[in-house]
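Below you'll find the structure, written out as structure tokens, and then a few comments.
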Protein chains: 2
Amino acid sequence: MIKGDTKTAILDAAQELIQRSGANAMSYQHISEAIGIRKASIHHHFPTKDALLDALIRRYAAYFLGLVDSIVESKKDPASKLRAYAGLFEATLSEGKQDKACLCGMLGAELSTLGGPAAAGVRRFYRENEARLVRVLEEGKAQGQFHYKGDAKLVAAMIFSLLEGGVLVARAEGGHQRLHAMAEQTLKLLQR
Amino acid sequence: MIKGDTKTAILDAAQELIQRSGANAMSYQHISEAIGIRKASIHHHFPTKDALLDALIRRYAAYFLGLVDSIVESKKDPASKLRAYAGLFEATLSEGKQDKACLCGMLGAELSTLGGPAAAGVRRFYRENEARLVRVLEEGKAQGQFHYKGDAKLVAAMIFSLLEGGVLVARAEGGHQRLHAMAEQTLKLLQR
DNA sequence: GTCTATAGCGCGATAGAC
DNA sequence: GTCTATCGCGCTATAGAC
């Protein structure tokens with residue numbers, strides 16, 4: 001193995017596999033082949049698949065929400081913050097050779113097949129993303145840049161679902177350019 | 001079996017399983033237990049899983065797009081048409097005891113694991129939904145009910161992704177009421 | 001911490017009787 | 001058209017040597 005930290009290499013491989021094909025299509029065997037280690041060694045680091053998923057979701061949420069926080073707390077104007085936020089999803093889609101979706105977007109589809117801790121982690125990820133979007137939307141409304149009527153929480157839910165769904169749909173047709181165009185169109189609606 | 005038509009019963013069971021848990025978590029064994037028939041008998045009607053998925057997607061697309069067409073061609077005003085369209089997704093979510101998602105929304109997440117015909121069917125479903133939304137959006141703009149700037153195709157893509165993603169996210173929290181509220185919020189943005 | 005080997009199960013799919 | 005029986009494989013997980 002090239003990487004110093006086996007645990008990290010396992011998580012990296014598992015994440016990539018799930019972002020492409022989903023958790024139910026990801027196996028210890030696939031990870032094994034991806035990083036050149038035996039299945040039993042993976043079990044040494046993550047005894048069960050549920051434990052692996054739980055650790056993976058925690059790492060992903062911490063990393064992704066960290067990026068979101070640095071956007072939300074930046075000095076950009078609200079519209080630019082939304083653009084940057086959408087850019088995170090566009091980047092996911094365009095990194096690597098095959099289209100990858102948001103880890104938690106994939107797991108959302110397979111939610112009923114996940115263990116309790118993993119499912120709870122996915123729900124938390126959704127909630128925390130929406131909470132951050134609410135902040136940006138209210139800031140934008142206070143500054144006169146956004147002009148939506150109604151509850152900021154609903155607009156936030158709308159934008160989050162749009163991006164999570166948009167990533168999945170864009171993998172079928174259009175890719176990251178299409179997701180980008182959709183995000184810009186959404187901004188137009190918010191700015192009147 | 002209660003149903004007269006075995007083929008239909010198989011498709012019904014497979015569809016329900018996939019809408020809850022995804023295609024990779026659905027098996028001939030699960031269908032067998034759901035309708036009280038042996039695995040081998042299912043293979044008699046659908047020799048391979050890919051063939052089953054292909055037939056299922058065709059049936060689902062014909063049914064769903066039929067409902068969409070009757071909405072699009074109705075005498076409702078454009079905003080009411082959009083409400084009725086979103087209602088199709090809300091109904092999917094609330095029918096039965098557990099939350100079901102759109103069949104093709106689920107398969108979109110698992111797209112890379114599908115056979116060629118099934119994947120093509122999912123793509124076609126997306127395209128045809130968006131084409132119908134474009135008609136409603138242009139009608140609404142012509143009548144002065146909608147006020148979006150930009151390309152109707154992008155707004156259509158936005159709304160479709162929002163609903164497909166919204167169904168998946170709403171299963172994690174909020175259910176069909178939340179999806180309904182999101183759809184109403186989206187309409188507010190379109191109507192200014 | 002990584003390995004070989006294996007248990008035990010569920011999977012998709014097929015053969016052949018009725 | 002449905003059944004029993006079975007094949008061969010991939011899966012998660014464990015035991016135990018090194």
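Computed from heavy atoms alone, side chains included, the values below leave out hydrogens, waters and symmetry copies. To find a chain, count down the sequence lines: A is the first, B the second, and so on, and within it residues start at 1. Here the structure is a predicted model, which means the values were calculated and not measured.
Here the nucleotide nearest the side chain of A/Lys39, chosen from C/dG12, C/dA15, D/dT12, is D/dT12. Side chain of A/Thr48, nearest nucleotide from D/dA13, C/dT4, D/dC11: D/dA13. With distances taken from any side-chain atom of B/Tyr28 to the nucleotides C/dT4, C/dA13, D/dC3, the minimum falls on C/dA13.
Distances shorter than 4.0 Å separate some side-chain N or O of B/His30 from OP1 or OP2 on C/dC11. Contact annotation: B/His44 side-chain N/O to D/dT2 OP1/OP2 distance is not under 4.0 Å. Distances shown here put a side-chain N or O of A/Thr6 below 4.0 Å from the OP1 or OP2 atom of C/dT2. Of the side-chain N and O atoms in A/Ser27, none sit less than 4.0 angstrom from OP1 or OP2 of D/dG10. When the side-chain nitrogen and oxygen atoms of B/His45 are compared with OP1 and OP2 of D/dT2, one or more of them lie within a distance under 4.0 Å.
Atom NZ of B/Lys153 is surrounded by 12 or fewer heavy atoms from other residues, nucleotides or ligands within 6.0 Å.
Salt bridge B/Arg178/A/Glu130: present, at least one basic N to carboxylate O contact under 4.0 Å.
B/Asp50 places its CG atom 17 Å from the P atom of C/dC11, with the value rounded to the nearest Å. The distance between atom CD1 of A/Ile37 and atom P of C/dT4, rounded to the nearest whole Å, is 11 Å. Atom pair B/Phe46:CZ and D/dT2:C1' shows a separation of 15 Å (rounding to whole Å applied). Counting to the nearest Å, the C1' atom of C/dA13 and the NE2 atom of B/His43 are 5 Å from each other. Between the CZ atom of A/Arg38 and the P atom of D/dC18 there is a distance of 17 Å, rounded to whole Å. Computed from coordinates, the A/Ile42 CD1 to D/dT14 P distance equals 14 Å when rounded to whole Å. For the pair B/Ile31 CD1 and C/dA13 P, the computed distance is 11 Å after rounding to whole Å. Here the C1' atom of nucleotide C/dG10 and the CG atom of A/Asn24 are 13 Å apart, to the nearest Å.
Across all strands shown, B/Ser41 has heavy atoms under 4.0 Å from base atoms, whether or not it also approaches the sugar-phosphate.
Proximity of the aromatic rings of B/Tyr28 and B/Phe46 is defined here by a centroid distance below 6.0 angstrom, and this criterion is not met. Between B/Tyr85 and B/Phe160, the distance from one ring center to the other does not fall under 6.0 angstrom.
Along DNA chain D, the nucleotide closest to A/Ala40 and the one closest to A/Gln29 are compared, and the more 5′ of them pairs with A/Gln29.
Judged by a 6.0 Å distance limit and a 45° cone about the ring axis, B/Lys188 is not positioned over the six-membered ring of A/Tyr148.
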